[in-house]
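Quantities reported herein were computed from a predicted structural model and do not represent experimental measurements. Residues: numbered from 1 along the sequence shown. Counting starts at 1 for both ligands and their atoms, in listed order.
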Amino acid sequence: MTIKEARIRIDALRSVINEHNRRYYVESSPAISDFEFDLLMQELQGIEKKFPELVDAASPTQRVGSDLGGGFAQVVHRYPMLSLGNTYSEEELREFDARIAKAFDEAYEYVCELKFDGAGISLTYVNGALHRAVTRGDGVQGDDVTANVRTVRSIPLQLNGSGFPSEIEVRGEILLPHSAFEAMNREREKQGKALLANPRNAAAGTLKMLDSKEVARRGLDNFIYYMPGGDLPFASHYDSLQAARSWGFKVSEHTQVCADINAVLHFIRRWETARKQLPYDTDGVVVKVNSLAQQRALGFTAKTPRWAIAYKFKAEQAITTLLSVDYQVGRTGAITPVANLEPVKLAGTTVKRASLHNADQIALLDVRIGDMVYVEKGGEIIPKIVGVDPSKHSENLLPLQYITACPECGTPLVRPEGEAKHFCPNESGCPPQIVGRIIHFASRKAMNIEGLGDETVELLYKNGLVKNAADLYDLRKAQIARLERMGDKSAENILQGLENSKKAPFARVLFALGVRYVGETTAKKLADAFGSLDALQNATFEQLLEVDEIGEQIAKSALAFFGEEKNQLLLSKLKEVGLRFTSEKQQRFSSELEGLTFVITGTLSRPREELKQLIEQHGGKVTSAISGSTSYLLAGEKAGSKLQKAEKLLVKVIDETQFLELISNKINDV
Ligand code: IVH
């Protein structure tokens, strides 16, 4: 591979991985399995290792994902919530063991635990009382979900017995057992709501609900598996778990001390099958060095502990009969063939539908109606068909004829060069595309229009009230109120939601437009780089490419979007309505901090992003590392190594109040 080829591949991998990260962490709706995701990540890591000059801080290999959402206070983790190194192979597990063996002259042993497939949680207890529960977030800071976590019955609100430190943090996994997950989806199906992908997403989504009463109904569960911090009064990890159990936490009874790597492999082999009988999802085994002193000696890399590794199981498969194929039309016009199956149990849930991806996949598998097919569950809502049982495959079954016209509007389908999917080109006349675009516009991560769910958008469209996003803002109360299932109250809510959406920042408006390939992160990058819609609309191909992480595909798509007359019309209407088309970052309040460089650390009362923005709005700069040229360290509570470094380098340390004073005469404008 030449460096040029490496750069191209790295760019492609980074943008694909970023998008999958966003879907996984932000939308809770992943599009590929963890296994496929890990393969992409491994490929990227491999190339970056060979070409270290191409590594940069923005690469997805350099950070852990994020589940930061709106609506919850952000809390900085006292100890960052790291991820685990992972592997799918015995060979790599033996390499891990060899690294451990090399580090010590003395004996060592492991603890094997199930890897619970839910949402990580950090619980802090003060004098034995549950004080705070925080999601993993981006690993550095997470959402304060204490009110919701209090409803989880397996989490003690008050610890039993004694012997626990006055302040202690415990970590574990919040999960949704299969039975609770299925009940939840049955209810959603009845209400006509979109089904949740899997118990992991359902658990993560439930944790972030605004209504704790609803959370309590859902049946979340929890297992504890780790206590961070180096000063625990235990000799081993296993002992710490036993203590946690005695204090009232739920600790898995399947946790086991293993004398050596062979015992570890034995544990893994046993649970690879036995896990299918468990009432909740597991996706692997976590192997940890047992002695806490040895853990401390091994320490951490920037992202993972050196004393632990996760062995991941391959996705589970089931075999069943293919009954028929439907074709779904997405908001971009992309066609997805979806198989209807003889219902089959897979990884604890019943599967009736599975994706066949595209025409090539169907041809490749030569899949026919009546075939016995293998279904595999990754992270997605719909599992996928990965193979056909050749012993049952017969030439007597008719080959599938891929459709040539849109099943919704009858327009002949096209397959653009380089695309794996067929598309319905009737953008402006095909109902699911029109409705899909408006649903996307109103969705939580876009304009977040409260009261305007999928079904309501559909209802408005069917009644001829909206044909595009701008029409939403022309709606009148009486028009909405007379619709089926609506009334004065819901009409008022929707209008209020629309009014509130006018405050959404430019980046979100840009994302809401649904420009192809412009996801949430890309929209933010473009908004930051250009600062306004006018500047973005006037940008050339080359200027677009200059923006970090914007490649040719995105640049072309943006140019095509802004070049179309009907989009220009839509944009000018949205502008007229009062949506924000300039970036807040561009707004300058003063030059008070011109020439000054800040580093932010510790727990502060506002999110770091907000403080960073404030500093920039007053002309200052924020960097991540302290050096001699840092002007101020803005330090919150529990500031750690950065505080020491600042003192050593004689960098001035200020707290939040002092910082606000620095810009005090301007603060009223903010
Ligand atoms: S230990 C510093 N043990 O897996 C190490 N994690 O991929 C702390 N997980 O973020 C984690 N079961 O959310 C640990 N038995 C277990 C686990 C476990 C599930 C999750 C956890 C973590 C992720 C890493």
If you scan protein heavy atoms around atom 23 (C) of ligand 1, the nearest is Lys115 NZ, 4.0 Å
Using modelled atom types and a 3.5 Å cut-off, is there a donor and acceptor pairing between side-chain atoms of Glu167 and backbone atoms of Thr124? no
Structural part of Lys288 in contact with ligand 1, heavy atom criterion under 4.0 angstrom: side chain
Can you sort out which atoms of ligand 1 are near Glu113, meaning under 4.0 Å from one of its heavy atoms? 3 (N), 15 (N), 16 (C)
Pair His266-Gln256, side-chain donor/acceptor within less than 3.5 Å: no
Using heavy-atom distances, let me know which of Lys312, Glu173, Arg171 sits nearest atom 20 (C) of ligand 1. Glu173
N/O donor-acceptor pair under 3.5 Å between Ser154 side chain and Asn222 backbone: yes
Of all protein heavy atoms, the one nearest atom 5 (C) of ligand 1 is Leu84 CD2, 3.8 Å
Taking atom types as modelled, is there a side-chain donor on Ser122 or Glu169 under 3.5 Å from an acceptor on the other? yes
Report the part of Asp117 in contact with ligand 1, treating N, CA, C, O as backbone and CB onward as side chain, heavy atoms under 4.0 Å; options are side chain, backbone, both, neither. neither
Quick one: does Val286 get an N or O within less than 3.5 Å of an N or O on ligand 1? no
Would you call Ala308 a ligand 1 contact, heavy-atom distance under 4.0 Å? no
Just heavy atoms, cut-off under 4.0 Å: does Tyr226 contact ligand 1 by side chain, backbone, both, or neither? side chain
Between Asp283 and Tyr311, do the side chains contain a donor N or O and an acceptor N or O under 3.5 Å apart? no
Is Asp144 reaching over with its side chain to a backbone N or O of Gln74, donor-acceptor style, under 3.5 angstrom? no
Please check: side-chain N/O of Lys377 versus main-chain N/O of Leu346, any donor-acceptor pairing under 3.5 Å? yes
Would you please say whether a donor-acceptor pair under 3.5 Å links the side chains of Asp260 and Tyr110? no
Per atom 21 (C) of ligand 1, closest listed option by heavy atom (Trp307, Tyr225, Phe300, Tyr79): Tyr225
To the nearest 0.1 Å, how far is atom 2 (C) of ligand 1 from its closest protein heavy atom, and which atom is that? Pro305 CG, 3.6 Å
Do Tyr125 side-chain atoms and Pro156 backbone N/O form a donor-acceptor pair below 3.5 Å? yes
Would you say Leu114 contacts ligand 1, with heavy atoms under 4.0 Å as the rule? yes
Look at atom 19 (C) of ligand 1 and say which protein heavy atom is nearest, naming residue and atom and giving the distance to 0.1 Å. Phe116 O, 3.2 Å
